[in-house]
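Since the structure comes first, as structure tokens, the remarks are kept for the end.
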Amino acid sequence: MKSRKKQFFGLEFTRENLSINVIESVQDFLEEGDMLRHCVFTNEYYKKKNSLILSAKFENKPVETIEVALPSLEIVQCRGTKNKESPHHRQILKLLNQNLYQIKKRIKNKKAVLAEN
């Protein structure tokens, strides 16, 4: 994983039994793709420069993978098993939308640090 994404490591949003966290390693991409039977690993999403990939879990079990475009902070896709929506899809989108400001804050903090150097 490229160091440019380290600013997002440890980022997690939770509400009741639902959590959303950044996928941090290539191994995690492999496991997410295998569990949900979709292409997050085989299409090398871990190499995408302008996307942040997150895993939504219900009771600690992956249920959907989310791609957020970093320049616009738009949710590009949110897919569960075999690219279908999970029963938790609406709650996932709501939780993520409520917390996009945290991603934006980390982007701004990174830009501020770069400007200082």
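In this text, all values refer to a predicted model and were calculated from it rather than measured experimentally.
In the hydrophobic clustering of this structure, Leu70 groups with Ile20; members are Ile, Leu, Val, Met, Phe, Trp, Tyr whose side-chain heavy atoms approach within less than 4.5 Å, directly or through other members. Hydrophobic clustering, with ILVMFWY side chains joined whenever heavy atoms are under 4.5 angstrom apart, keeps Val76 apart from Ile66. Residues Val22 and Ile92 fall within the same hydrophobic cluster, defined by Ile, Leu, Val, Met, Phe, Trp and Tyr side chains chained together at heavy-atom separations under 4.5 Å. Clustering ILVMFWY residues whenever any of their side-chain heavy atoms sit less than 4.5 angstrom apart, transitively, puts Met35 in a cluster other than the one holding Val40.
Annotation: the span from Ser25 atom OG to Glu32 atom CD amounts to 10.5 Å, rounded to 0.5 Å. The distance from atom OG of Ser55 to atom CD of Glu24, rounded to the nearest 0.5 Å, is 11.0 Å. Atom SG in Cys78 sits 11.0 Å away from atom CG in Asn83 (nearest 0.5 Å).
For residues 76-101, no pair satisfies salt bridge (charged side-chain N to carboxylate O under 4.0 Å, His left out), with sequence neighbours left out. The ring-ring contact (aromatic ring centres under 6.0 Å, His included) contacts involving residues 57-89 comprise Phe58-His88, where partners must be two or more places apart or lie in separate chains.
Scored by the side-chain hydrogen bond (donor to acceptor under 3.5 Å, both in side chains) test, Glu74 finds Ser72 as partners (sequence neighbours excluded). Every residue two or more places apart in sequence or in another chain that forms a side chain to side chain contact (heavy atoms under 4.5 Å, CB included) with Leu100 is listed here: Val68, Leu96, Asn97, Ile103. Every residue meeting the side chain to side chain contact (heavy atoms under 4.5 Å, CB included) condition with Thr42, not counting sequence neighbours, appears here in chain and number order: Cys39. Under the rule for a side chain to side chain contact (heavy atoms under 4.5 Å, CB included), the partners of Lys104 that lie at least two apart in sequence or sit in another chain are Leu73, Lys108. With sequence neighbours excluded, the residues that form a side chain to side chain contact (heavy atoms under 4.5 Å, CB included) with Asn99 are Phe13, Leu95, Tyr101, Gln102. Partners of Ser86 by side-chain hydrogen bond (donor to acceptor under 3.5 Å, both in side chains), not counting sequence neighbours, listed by chain and number: Glu64. A search for salt bridge (charged side-chain N to carboxylate O under 4.0 Å, His left out) contacts involving Glu44 returns Lys47, not counting sequence neighbours. In this view, Glu67 and Lys48 satisfy the salt bridge (charged side-chain N to carboxylate O under 4.0 Å, His left out) rule, not counting sequence neighbours. Partners of His38 according to the side-chain hydrogen bond (donor to acceptor under 3.5 Å, both in side chains) rule, which considers only residues two or more places apart in sequence or in another chain, are Thr65. For Phe41, the ring-ring contact (aromatic ring centres under 6.0 Å, His included) partners at least two apart in sequence or on another chain are Tyr46.
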Stepwise side chain to side chain donor-acceptor pair (under 3.5 Å) test for Gln77 and Tyr45
CA-CA 12 Å; Gln77 55 184 332; Tyr45 278 76; 3.0 Å; yes
Start with the C-alpha gap between Lys57 and Asn17, add the side-chain angles, then the distance that decides, and say whether side chain to side chain donor-acceptor pair (under 3.5 Å) holds.
CA-CA 8 Å; Lys57 296 179 173 108; Asn17 293 330; over 6 Å; no
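Residues Ile23 and Phe8 fail the side-chain proximity criterion, which asks for heavy atoms closer than 4.5 Å.
In terms of heavy atoms, Leu36 sits closest to Pro62 at CD2-O, 3.4 Å.
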